[in-house]
Structure formats: C-alpha cells, structure tokens
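Some notes on the structure that comes next.
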Amino acid sequence: MADVRAQVAEAARRAGRDPGDVEILVAVKYMDAEELPLLAERGYTLLGENRAQELVRKAERHPGVFRWHFIGQLQSRKVKVIAPHVDLIHSVASESALAQLAKHAPPGLEILVEVNVSGEPGKAGVDPSELDAYLEASPVPVVGLMTMPPATADPEASRPYFAALRELARQRGLRHLSMGTSQDFAVAVAEGATIVRVGSAIMQGIRAAARS
Ligand SMILES: *Cc1c(COP(=O)(O)O)cnc(C)c1O
C-alpha cells in the first residue's frame with residue numbers, strides 16, 4: 001500500500017485540489033517519545049496529542065523539531081499546561097473549555113470547534129443546532145471545525161459526515177476542516193479536509209520500515 005502522504009496527494013489531485021492545501025497531522029498517542037524522530041526523518045513535522053501531560057513530555061523531549069496541536073478533551077486547567085507548546089487546539093466542545101480559554105489562552109492561540117455531526121449519543125462535540133451560540137461564546141478566534149465520525153470499516157460511510165461538516169464551515173466562513181483518520185482520510189480529503197489526523201496507518205508504515 002502506498003504511504004499516507006502519497007495517498008493524501010492522490011486524493012487531493014483527484015478532487016481537483018492542491019495537495020499542498022492538506023496538512024497531515026500525525027496523531028501520536030500510540031507512539032513513544034523515542035520513536036518520534038522516525039516521523040521527522042520522513043518529513044512528518046506536525047504532531048497531535050490527546051493528553052496534555054503527554055504532549056508536554058513529547059514536545060520537551062524534541063525541542064524545535066515539531067509543531068504541536070492538541071486533539072483531545074480539554075480537562076480542567078490544561079490550557080495553561082499546553083499553551084506554550086501548541087498553536088491550535090482542535091477539539092474544543094464544552095462550556096468549561098471556553099471558560100478555561102477565557103482565563104488562560106495566550107495571545108495568538110486559535111481553536112477549532114468539534115462538532116458531533118453524526119449525533120451519536122455520548123460523543124464529544126457541539127450539536128450542530130448549538131454551533132452558532134457556541135461560536136459566539138468563544139473568547140478566542142475559531143478558525144475551523146473538527147469532527148470524528150463513527151468507527152467504520154467502510155471509508156465511504158464517513159462521507160456524509162464530512163460533507164455536513166464542510167457545509168457548516170462554509171456557511172460560517174471558517175477556513176479549516178480537521179477531519180479524516182486512518183479509516184477514512186482519503187474520503188476526508190475529497191470532501192475538503194485541510195488537516196487530516198492520521199495515527200495508526202502512519203505508525204504501522206514506520207514500524208514496518210524500521211523492521212525491514
Ligand atoms: C487517535 C486519534 C486520531 C487518529 O486515529 P487513527 O485511527 O490512529 O488514525 C485522530 N483524531 C483523534 C482525535 C484521535 O484521538
């Protein structure tokens with residue numbers, strides 16, 4: 001199977017998009033800090049973490065090598081912890097996250113709002129019907145939307161959710177769409193993703209290459 005970067009570029013070209021308009025964020029929650037230089041060697045320099053402490057640990061282990069985005073749920077007082085390391089938080093969706101941002105966001109920090117477009121109960125994300133009020137309440141600039149569709153073995157199953165997110169962003173003039181993981185990133189690119197968040201597919205490729 002072709003590597004993730006080649007697949008992203010191919011999906012972009014097929015959709016009539018410039019491959020340079022799609023950033024690949026490597027979700028590194030399953031990787032050790034010691035493995036991260038393998039990503040840099042392959043040109044992957046934008047990384048995402050779900051846990052604040054892990055983000056800080058991994059970022060401090062490799063100063064100046066990577067750019068970091070936070071992609072997890074913001075627990076209390078974590079904005080302060082991650083703020084020195086990140087320029088974008090992808091996954092803002094709660095009232096408490098907005099309150100933390102109001103208190104601790106440094107100048108220049110931007111966010112994406114996570115939307116629960118599939119409507120799965122218990123899933124993180126703002127309901128589409130509450131999105132405008134949520135955007136209005138944000139104390140920091142919202143530059144796009146993020147979503148996580150239901151787990152599936154069929155990438156095409158995610159397409160309606162990606163299309164819905166694109167439409168929500170388009171109507172509000174928001175430029176970033178963070179969508180697509182190992183299960184469906186090519187479909188996400190076809191539907192307009194500006195950032196794909198890929199973890200296991202890249203990690204497997206790198207570990208296989210390291211063994212051979
Ligand atoms: C882990 C994770 C990803 C990557 O998922 P893979 O299936 O490993 O590609 C993307 N986004 C978020 C929010 C994640 O937690």
Side-chain angles (χ1 to χ4, degrees), residues 21-23 25 27 29 46-52 55 67-152 157-181 183-185 187-189 191-199:
D21 290 344
V22 186
E23 273 206 284
L25 173 150
K29 62 175 175 285
L46 174 61
L47 309 189
E49 246 301 336
N50 301 64
R51 285 161 300 171
L55 189 152
R67 284 189 301 132
W68 288 89
H69 288 176
F70 187 71
I71 61 173
Q73 301 311 312
L74 270 182
Q75 269 133 15
S76 62
R77 293 187 293 280
K78 291 303 194 274
V79 168
K80 223 163 127 176
V81 175
I82 60 175
H85 301 283
V86 302
D87 46 27
L88 192 66
I89 300 176
H90 284 230
S91 38
V92 179
S94 66
E95 296 301 326
S96 74
L98 292 187
Q100 280 193 70
L101 288 164
K103 273 204 209 122
H104 300 298
L109 182 70
E110 296 181 321
I111 63 168
L112 308 181
V113 169
E114 181 168 3
V115 185
N116 182 359
V117 277
S118 63
E120 282 175 281
K123 173 157 225 157
V126 175
D127 189 272
S129 67
E130 286 157 16
L131 181 57
D132 286 323
Y134 196 82
L135 295 175
E136 191 80 23
S138 176
V140 295
V142 178
V143 295
L145 303 178
M146 176 255 199
T147 201
M148 192 90 174
T152 177
S158 301
R159 191 181 292 274
Y161 306 119
F162 294 153
L165 193 74
R166 184 191 60 216
E167 192 54 21
L168 291 170
R170 189 194 62 76
Q171 289 161 348
R172 292 161 181 82
L174 299 169
R175 79 176 183 280
H176 277 299
L177 284 172
S178 168
M179 55 191 200
T181 64
Q183 70 176 14
D184 50 23
F185 63 84
V187 172
V189 170
E191 293 298 328
T194 62
I195 308 175
V196 292
R197 309 179 312 271
V198 184

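Sequence positions, counted from 1, serve as the residue numbers for this chain. Keep in mind it's a predicted model, so treat the numbers as computed, not measured.
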What side chain to side chain donor-acceptor pair (under 3.5 Å) pairs are there with at least one residue in residues 95-113, not counting sequence neighbours? Ser94-Ser96

Side chain to side chain contact (heavy atoms under 4.5 Å, CB included) filter on Ala124, not counting sequence neighbours, yields Gln73, Glu114

Counting only N and O atoms by type, is there a donor-acceptor contact under 3.5 Å from the side chain of Thr147 to the main-chain atoms of Val115? yes

Looking at Leu145, Leu165, Leu131, which hits side chain to side chain contact (heavy atoms under 4.5 Å, CB included) with Val117? Leu165

Return the set of residues passing side-chain hydrogen bond (donor to acceptor under 3.5 Å, both in side chains) with His85 (not counting sequence neighbours), or none when no residue passes. none

Summary of salt bridge (Lys or Arg N to Asp or Glu O under 4.0 Å) pairs that have at least one residue in residues 122-135, sequence neighbours excluded: Glu120-Lys123, Asp132-Arg172

Find the distance between CG (Leu74) and CG (Leu98) and round it off to the nearest 0.5 Å. 9.5 Å

For Ala188 and Val196, work out which heavy atoms get closest and say how close. CB-CG1, 4.5 Å

4.5 Å side-chain heavy-atom contact, Glu49 and Lys29: yes

What residues, two or more places apart in sequence or in another chain, satisfy side chain to side chain contact (heavy atoms under 4.5 Å, CB included) together with Ala99? none

Quick one: salt bridge (charged side-chain N to carboxylate O under 4.0 Å, His left out) partners of Arg170, sequence neighbours excluded? Glu167

side-chain hydrogen bond (donor to acceptor under 3.5 Å, both in side chains) filter on Ser178, not counting sequence neighbours, yields His90, Arg197

Partners passing side chain to side chain contact (heavy atoms under 4.5 Å, CB included) against Ala102 (at least two apart in sequence or in another chain): Pro139

Does Ile111 form a side-chain contact (heavy atoms from CB on, under 4.5 Å) with Ser138? I'd like the steps, not just the answer. CA-CA 9 Å; Ile111 63 168; Ser138 176; 3.5 Å; yes

Do Leu177 and Phe162 touch side chain to side chain, with heavy atoms closer than 4.5 Å? no

For Arg51, the salt bridge (charged side-chain N to carboxylate O under 4.0 Å, His left out) test, sequence neighbours excluded, returns none

Nearest heavy-atom neighbours spanning Asn116 and Pro128: O-CD, 3.7 Å

Excluding sequence neighbours, so at least two apart, what forms side-chain hydrogen bond (donor to acceptor under 3.5 Å, both in side chains) with Asn50? none

With Glu136 via side chain to side chain contact (heavy atoms under 4.5 Å, CB included) - residues at least two apart: none

Given Leu101 and Leu109, is the side-chain contact (heavy atoms from CB on, under 4.5 Å) satisfied, shown in steps? CA-CA 9 Å; Leu101 288 164; Leu109 182 70; 3.8 Å; yes

Give me the atom names and distance for the closest heavy-atom approach of Thr152 to Ala157. OG1-CB, 3.7 Å

Quick one: CG on Leu88 to NE2 on His69, what's the gap to the nearest 0.5 Å? 4.5 Å

Output the distance between atom CD1 (Ile82) and atom CD1 (Ile89), rounded to the nearest 0.5 Å. 4.0 Å

What are the two closest non-hydrogen atoms of Tyr161 and Pro150, and how far apart are they? CE1-CD, 3.6 Å

List the residues meeting side-chain hydrogen bond (donor to acceptor under 3.5 Å, both in side chains) with Gln183, not counting sequence neighbours, and say none if there are none. none

Passes side-chain contact (heavy atoms from CB on, under 4.5 Å), Leu112 versus Val143? Steps please. CA-CA 6 Å; Leu112 308 181; Val143 295; 3.7 Å; yes

Decide side-chain contact (heavy atoms from CB on, under 4.5 Å) for Thr194 and Arg175; before the verdict, give the C-alpha distance in whole Å, the side-chain angles of both, and the deciding distance to 0.1 Å. CA-CA 8 Å; Thr194 62; Arg175 79 176 183 280; over 6 Å; no

